[in-house]
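Chain identifiers are assigned alphabetically (A, B, ...) following the order of the sequence lines, protein sequences preceding nucleic acid strands; residue numbering begins at 1 within each chain. Quick caveat, the model's predicted, so the values are computed rather than measured.
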Amino acid sequence: MTDNLIGSSLQTAELTPRNKPVTQANWVSVVFIAIALVFLAFILYIPAINVFYQAFSKGFEPFLHNLSEPNFQSAVRMTLGLAAIAVPLNTIFGLCAAWALANKRFRGRTLLLSIIDLPFAISPVVAGLMIMLLYGRQGWFGEWLSEHNIKIVFAFPAMMLATAFVSMPFVAREVIPVLEEEGVEQEEAAYTLGATPWQTFWRITVPNIRWGLLYGVLLTNARAMGEFGAVSVVSGNVTGQTQSLPLFVEEAYKNYDTEAAYSAAVLLALLAVVTLVLKEILERRTGGHLKKSH
Amino acid sequence: MTTAQNLSRPTGDSPWKVFWHSLIHMPWTWRIMFGYLAFMLFLPVAAMLTKSLSIGPAEFWRIATTPLALSTYDVTFTTSLIAALIDGVFGVLIAWVLVRYTFPLKKLIDASIDLPFALPTAVAGLTLATVYSENGWIGSLFAPFGVKIAFTRLGVGIAMMFISLPFVVRTVQPVLMQMERETEEAAWSLGASSWQTFWRVLLPPLFPAILTGVALGFSRAVGEFGSTVIISSNTPFKDLIAPILIFQRLEQYDYAGATVIGMVLLILSLLMLLLINFIQAWGKRYD
């Protein structure tokens, strides 16, 4: 009723010569768009273009030369290794958590959801510090670990733990809303028809959540490969040994080897671009059902 | 059909028995979830809590309030707040432009807002430090006026603005999309000025989303390390921020010092989480 009233009054308003708001809106819109773009240029676009400019300003040769450096290659291997373990672990956890919490109502559910989100609220440096307090020399398990000659801190295991910590919530966060939207009817129908839980999971649930799951895995991977703070605290940053690609970028920059820093940075920037493109494709595919924000 | 209900709970038993029963009959998905959470999250948090308790309240307070520590809080929190507020203003403007206007390359610009989420922070720090340095593309525009950006607090602020911008845009954008244009148009046609329409009609329902976005951006900026450690000169009492102080304490094997400052940051981020939940509950009154 009210909608109709407002609608009709608007139509008449458009017909009258008093259509000042429209012309004013056009003028205002140009100014607003211009301000937004200038701000974005200063904060995002110019810095982003600079990465590619610095990496390739002297042609591809310095870039290719840096790619063949052993320290650089070991950093790439380290980053791939970290993601190769942290991403599957977090995916299994995220799926289990989503399965346990979606479409359920019980006391403490909201609290559990907030707990799963906690790693996003904790500063990466604090996350690294916590791992040091557990496995470091003076940590809880420090003595036991050194007695048994197991190296966790300043080595791959702690770097992996730090990486998994900071990228933990993504899969659960993206899959829970999808599961809630799908509801439980299809799964219940499958059960009634005699399907085992495993069959139901692979034939009903996985096809339903696949885009949400891929989206979560994509974000987990981007964070895992790009993490700096938490990894840098626990890695010891030994060049050629415990250095991931983001650590290599910082180290090279600090040593005034800007060229090497940008060669590595451009690889990470490409990872970011690929992530954004795939993210956009997944969002289109699901018709904007996936959450835009993290 | 909830899992909790599926577990045939023995009624009339002691709470401990009920707890024990639900623990034994827990589905395996729950076991993996709790096992992973316990190992990855609870254990590290517990290690930090016991470490800070072992320090003792008097010593804790002494370490937490040394002049250097106090100056890092000031630099971290004030700079983060200013950066988040600036992002608040421009983020709302960007969300508005993306929702209400059509212009060339709009989809590309919309997608690019997530760049700070996807770009590793070390790369952000590296390129911001280059672009905003005295002979960089943007820094050289300000250098003639005697304004140094990179390797000062201003540069730290720029890095924080970069990091927290998507939080504001992505929180405000969906709310703006849901708002009906008719309400503003009604205000217009009833003779409200554009200023009145903005303050009285548009802003009130958007306000909780803006606050949430600014709070999310603020807490992200407070914890940020990768980009700020590169663009800051890390000079104590000037542009040294709290996360970098934690890092330096750890490098000196001063675990107690690192833990105390880490606790201050952890408590602040938990308070921010509470505040954000509160704002969101408050914002629901418009639903």
Side-chain angles (χ1 to χ4, degrees), chain A residues 3 6 9-10 13 21 29 32-33 35-36 39 42-44 46-48 50-51 54 92-93 96-97 99-100 104-106 115 118 121-126 129-134 138-140 164-165 168 222 226 228-229 233 246 249-250 253 261 265 268-269 272 275-276 280 292-294, chain B residues 2-4 29-30 32-33 36 40-41 43-45 47-48 51 90 93-94 96-97 101 103 111-112 114-115 117-123 126-128 130-131 137-138 161-162 165 170-171 173-174 182 185-186 188-189 219 223 225-226 230 243 246-247 250 255 258-259 262 265-266 269 273:
Chain A
D3 280 351
I6 292 168
S9 74
L10 259 180
S29 73
F32 278 8
I33 293 169
I35 296 173
F39 181 80
F42 270 70
I43 297 293
L44 292 189
I46 295 175
N50 177 64
V51 177
Q54 297 283 346
I92 294 169
F93 160 73
C96 288
W99 185 265
K104 310 268 162 50
R105 294 285 169 269
F106 57 90
I115 287 176
L118 209 55
I122 296 175
S123 167
V125 178
V126 175
L129 167 68
M130 287 172 172
I131 291 169
M132 291 299 284
L133 291 175
L134 268 184
Q138 305 172 25
W140 276 13
F165 183 98
M168 188 154 57
F228 178 81
V233 169
V249 170
E250 195 236 9
Y253 179 72
L268 289 168
T275 304
L276 285 185
E280 202 57 29
K292 267 258 173 185
S293 73
H294 309 180
Chain B
T2 73
T3 314
T29 47
W30 284 76
I32 292 181
M33 177 180 76
Y36 197 74
M40 293 293 300
L41 189 60
L43 201 61
V45 171
M48 184 142 158
K51 178 72 187 174
F90 284 98
L93 180 75
I94 292 165
W96 173 263
V97 163
Y101 303 144
F103 51 93
S112 74
D114 283 331
L115 192 67
F117 283 149
L119 193 71
T121 52
V123 179
L126 171 73
T127 184
L128 286 171
T130 309
V131 167
W137 286 348
I138 299 176
M161 272 160 68
F162 174 90
L165 180 67
R170 293 307 188 215
T171 329
Q173 208 175 8
E182 282 78 17
E185 280 168 356
W188 276 108
S189 58
S219 28
F225 177 75
I230 296 178
I246 298 177
F247 187 81
L250 270 171
Y255 283 56
T259 307
L265 281 193
L266 187 67
S269 36
L273 258 187

With respect to chain A, which residue among [options] yields the maximal number of heavy-atom pairs within a distance under 4.5 Å?
options                : answer
B:W96, B:W137, B:F162  : B:W137
B:P243, B:P120, B:G262 : B:P120
B:L119, B:I32, B:I138  : B:I138
B:L41, B:L43, B:L126   : B:L126
B:L273, B:L250, B:L128 : B:L250

Angle class for the A:F106/B:W30 ring planes (parallel below 30°, perpendicular above 60°, tilted otherwise)?
tilted

Where on B:S112 is there a heavy atom nearer than 4.5 Å to chain A: the side chain, the backbone, both, or neither?
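When you check distances to chain A, atoms from both the backbone and side chain of B:S112 fall under 4.5 Å.
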
Any side-chain heavy atom of A:P246 within less than 4.5 Å of one from B:T121?
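No - every pair of side-chain heavy atoms lies 4.5 Å or more apart.
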
Any residue meeting side chain to side chain donor-acceptor pair (under 3.5 Å) with B:T259, in chain and number order, not counting sequence neighbours:
none

Kindly write out the residues that satisfy side chain to side chain donor-acceptor pair (under 3.5 Å) with A:Y253, not counting sequence neighbours, or none if the list is empty.
none

Sort A:F39 into side chain, backbone, both or neither according to what part of it lies under 4.5 angstrom from a heavy atom of chain B.
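The side chain, not the backbone.
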
Hey, is the main chain of A:M130 close enough, under 3.5 Å, to the side chain of B:K51 for a donor-acceptor pair?
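Judged by distance alone, no pair lies under 3.5 Å.
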
